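The first residue in the sequence is number 1, and the count goes up from there. No experiment lies behind these values; they were computed from the predicted model shown. The analysis underlying the following values was restricted to heavy atoms, covering all of them including side chains, and did not include hydrogens, waters or symmetry mates.
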Amino acid sequence: MSGTKGHVTVIGAGIVGVSSAAFLQREGFAVTIVDRLEPGLGTSFGNAGSVSPSAILPVAMPGVMKKVPGWLLDPLGPLTIRWSYLPWATPWLLRFLRHASRKEATRVATAMRALMETVFDDYAELLEGDTFARLIRRNGCLYIYENREELQAAKWSLDLRRELGAAMEEIGGSDIRQLEPALNRRFDLGIFAPENGSTVDPHLLVRAIADQVLRNGGTFVRADVKDVEIGPDGPVALETSSGKLPVDRLVLAAGAWSSPLARKLGAKVPLETQRGYHVTFAEPQIDVRRTVMWNRRSVFVNPMDCGLRIAGTVELAGLKAAPNYARADKLAGIAVEMFPDLNTKEQSKWMGHRPCLPDSLPVIDRSPRFANTVFAFGHQHVGICSGGPTGRHVASLMAGSTPRIDLTPFSATRF
């Protein structure tokens, strides 16, 4: 592509970074992507694979404060904190809990719905030929419950999503078994979200978009960004593990590693990593047809080209601590609870860093200090769901045009 509007360097080769690069090209910019890993091999690699415009609820939902003490006492529960990391995690956790109200949940869900409702259209634009149909399916998502009390406890959040335009259909046991015959029959109530979908491989999704960027004239530099050199009008170069890289315009989309660079570029943000785990069963030997979420356990199961993946739970332990793969083993046990006939013999485990802000909203904004810099990070548990739409808005911000939605909720200065 021509690059008539100038050159943009994108820090980060996950789904947000490559989607931003692709839409920037469509706006007429030349682009370079910089990352220490090949595209799609970071956090996006281990994504649960959901592509769901109704996945709009914040992590800090009403009532979560009562559950946190019990979770923290269970080292393998839905939320855990490494005790050695507690002094660093506590201030963030307190800010997180202040958002656990109906008012805040409504505000966040409204903003996220506006962001994500175009996700399928955005990926369809970025993925040429039959690549979209090969990598993304739209056959709904099934939320499962063991009893009426569990479903009733979720009523307010379900009604909120319905009010914001999401289709959420209550179904019974016979319909559940028709949709997913391999599920344990103890799940007798469900919510079916027909507008949702998934990707058969989040790594290949990122890689496909990145490859298209390269075919369109973009470049990729594999290097670790150490620092930013600031000139009179903003960043002029990146200090990388491969030397100095000059920049004209800059997009910061480095996920959980964005905070130090954002501070240098004019915004102090309370970014934390909610470490997530997954287990992928290479030969599941059961028929699972779509994404299934067990609401009480907060886990997603998704059939992929590489096998059947279960992902979920939250661990606060920072960027440096070694993985605790006992949490992955716990996920494997939950998968068997859901699908009793699952073959678990061949499995792989993974841990990655979800970039999370206390209010569960990403930052999608210009730097408050430098006009040539745009921020796009903090997409927590919904990177694949929101990566494509974020890329479109990043390109609009860089081009100086009006984004399709109000980006005020995603401001870098809201903290």
A.B. asks: When you compare the side chain of Leu361 with that of Met112, does any pair of heavy atoms fall below 4.5 Å?
C.D. replies: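 Yes, their side chains come closer than 4.5 Å.
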
A.B. asks: If a pair satisfies side chain to side chain donor-acceptor pair (under 3.5 Å) and one of its residues is in residues 245-262, list it, with sequence neighbours excluded.
C.D. replies: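 Residue pairs with at least one partner in residues 245-262: there are none.
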
A.B. asks: Is the closest side-chain donor-acceptor distance between Ser52 and Ser54 under 3.5 Å?
C.D. replies: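 The criterion, which ignores hydrogens and geometry beyond distance, is not satisfied for Ser54 and Ser52.
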
A.B. asks: Under 3.5 Å, is there a donor-acceptor pair between the Arg327 and Thr313 side chains?
C.D. replies: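 A donor-acceptor contact under 3.5 Å links the two side chains.
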
A.B. asks: Any chance the side chains of Thr413 and Ser411 put a donor and an acceptor closer than 3.5 Å?
C.D. replies: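 A donor-acceptor contact under 3.5 Å links the two side chains.
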
A.B. asks: For atom CZ of Arg404, decide whether the heavy atoms of other residues, nucleotides or ligands shown that lie under 6.0 angstrom number more than 12.
C.D. replies: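 Result for CZ/Arg404: open.
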
A.B. asks: Mind checking side-chain contact (heavy atoms from CB on, under 4.5 Å) for Arg95 and listing every partner two or more places apart, or none if nothing turns up?
C.D. replies: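 Partners of Arg95 under the side-chain contact (heavy atoms from CB on, under 4.5 Å) test: Arg98, Pro270, Pro358, Phe415.
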
A.B. asks: Check whether any side-chain N or O of Arg137 sits under 3.5 Å from a backbone N or O of Arg290 as a donor-acceptor pair, and report yes or no.
C.D. replies: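 Looks like no, no N/O pair under 3.5 Å.
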
A.B. asks: Please check: side-chain N/O of Arg162 versus main-chain N/O of Met168, any donor-acceptor pairing under 3.5 Å?
C.D. replies: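 Pair found, side chain donor or acceptor close to backbone of Met168.
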
A.B. asks: First locate atom CZ of Arg107, then atom CD of Glu104, and finally report the distance between them rounded to the nearest 0.5 Å.
C.D. replies: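 CD of Glu104 is found 4.0 Å from CZ of Arg107.
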
A.B. asks: Do Gln274 and Gln380 pair up side chain to side chain, a donor and an acceptor below 3.5 Å, judged on atom types alone?
C.D. replies: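 Their side chains do not contain a donor-acceptor pair, so the 3.5 Å distance test is not met.
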
A.B. asks: Checking His203 now: which residues fulfil ring pair (Phe, Tyr, Trp, His ring centres under 6.0 Å) with it, not counting sequence neighbours?
C.D. replies: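 Checked His203 against ring pair (Phe, Tyr, Trp, His ring centres under 6.0 Å); matches are Phe45.
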
A.B. asks: Among Lys349, Glu315, Lys330, which one satisfies side-chain hydrogen bond (donor to acceptor under 3.5 Å, both in side chains) with Tyr277?
C.D. replies: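 Output: one option passes, namely Glu315.
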
A.B. asks: Hey, could you give me the CH2/CG distance between Trp88 and Leu86, rounded to the nearest 0.5 Å?
C.D. replies: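 So the gap between those two atoms works out to 10.0 Å.
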
A.B. asks: Has Thr90 got a side-chain atom pairing as donor or acceptor with Pro87's backbone, closer than 3.5 angstrom?
C.D. replies: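 Flag not set: sc Thr90 to bb Pro87 has no pair under 3.5 Å.
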
A.B. asks: So for atom CH2, which belongs to Trp92, do other residues, nucleotides or ligands contribute more than 12 heavy atoms lying within a distance under 6.0 Å?
C.D. replies: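 More than 12 within 6.0 Å, yes.
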
A.B. asks: Quick check for you: to the nearest 0.5 Å, what is the distance between Leu245 atom CG and Leu238 atom CG?
C.D. replies: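 Answer for the CG-CG pair, Leu245 versus Leu238, is 5.5 Å.
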
A.B. asks: Can you check whether Phe300 and Trp294 have ring centres sitting under 6.0 Å from each other?
C.D. replies: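 Ring-ring flag for Phe300/Trp294: false, centres at least 6.0 Å apart.
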
A.B. asks: With a 4.0 Å cut-off on N to O distance, would you call Lys226 and Glu239 a salt bridge?
C.D. replies: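 No, Lys226 and Glu239 are not salt-bridged.
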
A.B. asks: Backbone N or O of Ala371 within a donor-acceptor pair of the Arg366 side chain at under 3.5 Å?
C.D. replies: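 Between the backbone of Ala371 and the side chain of Arg366 there is a qualifying donor-acceptor contact (under 3.5 Å).
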
A.B. asks: Would you please name every residue forming a side-chain contact (heavy atoms from CB on, under 4.5 Å) with Ser44, sequence neighbours left out?
C.D. replies: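 Expected list: Ile15, Val206.
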
A.B. asks: Are Asp359 and Arg414 close enough for a salt bridge, meaning some N to O gap below 4.0 Å?
C.D. replies: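 Yes.
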
A.B. asks: Please collect all side chain to side chain donor-acceptor pair (under 3.5 Å) contacts where either partner lies in residues 109-126, sequence neighbours excluded, each pair once.
C.D. replies: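 Sorted pair list: Arg113-Glu195, Thr118-Asp122, Asp122-Arg392, Glu125-Arg392.
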
A.B. asks: Between Asp227 and Lys264, does at least one N-O distance fall below 4.0 Å, as a salt bridge requires?
C.D. replies: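 A salt bridge links Asp227 with Lys264.
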
A.B. asks: Indicate whether the side chain of His99 and that of Ser360 have a donor and an acceptor atom separated by less than 3.5 Å.
C.D. replies: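 Judged by distance alone, the side chains do not pair up.
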
A.B. asks: Drop me the distance from Thr106's OG1 to Ile56's CD1, to the nearest 0.5 angstrom.
C.D. replies: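 So the gap between those two atoms works out to 9.5 Å.
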
A.B. asks: Regarding Arg289 and Glu180, does a basic nitrogen lie under 4.0 Å from an acidic carboxylate oxygen?
C.D. replies: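 Salt bridge between Arg289 and Glu180, a charged N being under 4.0 Å from a carboxylate O: no.
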
A.B. asks: To the nearest 0.5 Å, what is the distance between OG1 (Thr9) and CG (Leu250)?
C.D. replies: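 It is 6.5 Å, given to the nearest 0.5 Å.
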
A.B. asks: Flag the pair Thr280 / Ile310 as yes when at least one side-chain heavy-atom distance between them is below 4.5 Å, and no otherwise.
C.D. replies: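 When only atoms from C-beta onward are counted, Ile310 and Thr280 do not touch, as no gap falls below 4.5 Å.
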
A.B. asks: Could you walk me through whether Tyr143 and Tyr145 satisfy the ring-ring contact (aromatic ring centres under 6.0 Å, His included) test, starting with their C-alpha distance in whole Å, then the side-chain angles of each, then the deciding distance to 0.1 Å, before giving a yes or no?
C.D. replies: CA-CA 7 Å; Tyr143 301 84; Tyr145 305 84; 7.5 Å; no

A.B. asks: With sequence neighbours excluded, tell me which residues meet side-chain contact (heavy atoms from CB on, under 4.5 Å) with Thr402.
C.D. replies: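 Expected list: none.
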
A.B. asks: Taking side chain as C-beta onward, heavy atoms only, is Val34 less than 4.5 Å from Val10?
C.D. replies: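 A side-chain contact under 4.5 Å is absent here.
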
A.B. asks: Just how far is it from atom OG1 of Thr273 to atom CG of Leu316, taken to the nearest 0.5 Å?
C.D. replies: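 Here the rounded value is 8.0 Å.
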
A.B. asks: Would you tell me whether Ser198 and Ser50 have side-chain atoms, one donor and one acceptor, within less than 3.5 Å of each other?
C.D. replies: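 Checked: Ser198/Ser50 side chains show no N/O donor-acceptor pair below 3.5 Å.
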
A.B. asks: Is it true that a side-chain atom of Arg82 and a backbone atom of Ala321 form a donor plus acceptor pair closer than 3.5 Å?
C.D. replies: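 Flag not set: sc Arg82 to bb Ala321 has no pair under 3.5 Å.
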
A.B. asks: Is any side-chain N of the basic residue among Asp159 and Arg161 closer than 4.0 Å to the acidic one's carboxylate O?
C.D. replies: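 Looking at Arg161 together with Asp159, the answer is no, because their closest N to O distance does not fall below 4.0 Å.
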
